[in-house]
Amino acid sequence: MFSDFDRTAMQRALALAARGLQTTDPNPRVGCVIARGERIVGEGWHERAGEPHAEVGALRAAGNNAIGATVYVTLEPCSHQGRTAPCAMALTASRVARVVYAIADPNPLVNGRGAAALREAGITVESGLLEEEARELNAGFVKRMQIGRPFVRVKLAMSLDGRTALANGQSRWITGELARQDVHAWRARSSVILTGVDTVIGDDPRLDVRLSTAPGSAAGRQPLRVVLDSRLRTPPTAQTLGVGGEVLILTGLAGLDEARAAELSARGARVETLPLIGGRLDLAAVLDRLGELEANEVFVEAGATLAGALLQQQLVDELLVYAAPRLLGPGARALVQLPELTALAQAPGFSFLEATPVGEDLRLRLRPSSGA
């Protein structure tokens, strides 16, 4: 169905889309290539919400060469009027002959309508080329559009024996400098950096992105920082409140400390209330709220309690684990808190996606196993 050149062109479109990895939020990452025969005549990619879509950039680059050409785009062209005009209309007006897209747009405002509009205009439309790669690039956007919740990635750093800190709490630094720099790249692509109040009190982290010199970096965009704080214990002096960007503190509906909330608001934080379950925030409600705020990817940097709770409730889509080549011993603090198991079959299972050396450490990416 698809030629070798079709695949090459779509691979190029995916590479272009990846340029927006840290900048398109809350929009999807999209790339576009226009070719006449096997000659590329135009390229484009979506950089930021409100700015031209990938197809528009590629059409501008192609000019009259777009007439009769084939368009390769990583996401079904949009058909609705948002902050920019519909791309399906722009492609039709440019008189392209064929459009190949990787995945259908999961946005209910588009899903299938863009392709239908192109076909009605007499344009040949094909889909499914490098679908898996395109879906992976926008896993968070796809999930949010389908079920209203963001993709949840939990970052953990551990010793070889699965420990995160000494018994006295000392943990800086288990991993090396290159691994810590790598974490900033994962923060930068995320919509939200999520932590718990115990981490804020115990470690006083900044939780911001510091990648100003990295190629293709977010150019100053800071993800929303979210603190789960059921009893509103966040200190107004917390570092994360003073490093720029937005901070959202989610607390319980019952017994809200109005004075503390006012103090935190004065420091620039937004305080919202959500339901509690057993004295703790309802994590499903937390993710629903972040979906309402158009969060595509949530990057969790928290302690063993919150990480364990997310795992127990099957709310984790991916683990990002940095393993350091050192041993801390059995008295050191555990990676996650889980209930005691009585059979190995009860243990949460994962599949490895990646094992990559990062300096002296090893970065592991894992997804929950099917049926886990």
Measure across [X] and [Y] and return the closest heavy-atom pair with its distance rounded to 0.1 Å.
X	Y	answer
T251	S230	OG1-O, 3.2 Å
S191	N296	OG-N, 2.8 Å
R36	N65	CD-O, 3.0 Å
T273	G252	CG2-O, 3.6 Å
I193	L207	CD1-O, 3.1 Å
C32	A13	N-CB, 4.1 Å

Between T175 and D361: side-chain donor-acceptor atoms closer than 3.5 Å: no

List the steps, then state whether side chain to side chain contact (heavy atoms under 4.5 Å, CB included) holds for R48 with R221. CA-CA 11 Å; R48 288 182 178 81; R221 185 187 75 85; over 6 Å; no

Is there a side chain to side chain contact (heavy atoms under 4.5 Å, CB included) between V96 and I123 once you walk through the steps? CA-CA 7 Å; V96 304; I123 297 170; 3.9 Å; yes

Rounded to the nearest 0.5 Å, how far apart are [atom1] of [X] and [atom2] of [Y]?
X	Y	atom1	atom2	value
E294	F141	CD	CZ	9.5 Å
L91	S79	CG	OG	11.5 Å
L129	M10	CG	CE	4.5 Å
E55	W45	CD	CH2	14.5 Å
R98	E126	CZ	CD	4.0 Å
D105	L75	CG	CG	4.5 Å

Going by side-chain contact (heavy atoms from CB on, under 4.5 Å), name the residues that satisfy it together with L293, two or more places apart in sequence or in a different chain. L224, L248, R270, R289, L290

Would you say R280 has more than 12 foreign heavy atoms packed within less than 6.0 Å of its CZ? no

Enclosure of E132 CD (heavy-atom neighbours >12, cutoff 6.0 Å): no

Salt bridge check, [Y] against [X]: does any charged N sit closer than 4.0 Å to a carboxylate O?
X	Y	result
D229	R260	no
R19	E47	no
R163	D161	no

Could you go step by step and tell me if R180 and Y322 meet the side chain to side chain contact (heavy atoms under 4.5 Å, CB included) rule? CA-CA 9 Å; R180 298 198 296 276; Y322 293 86; over 6 Å; no

With a 4.5 Å cut-off on side-chain heavy-atom distances among I, L, V, M, F, W and Y, is there a chain of contacts connecting [X] to [Y]?
X	Y	answer
V110	V125	no
V321	V300	yes
L362	L156	yes

I need the single residue from K143, R29, R144 that forms a salt bridge (charged side-chain N to carboxylate O under 4.0 Å, His left out) with E297. Which is it? R29

Under the side chain to side chain contact (heavy atoms under 4.5 Å, CB included) criterion, do L276 and D282 qualify, and how do the steps go? CA-CA 5 Å; L276 297 175; D282 179 349; over 6 Å; no

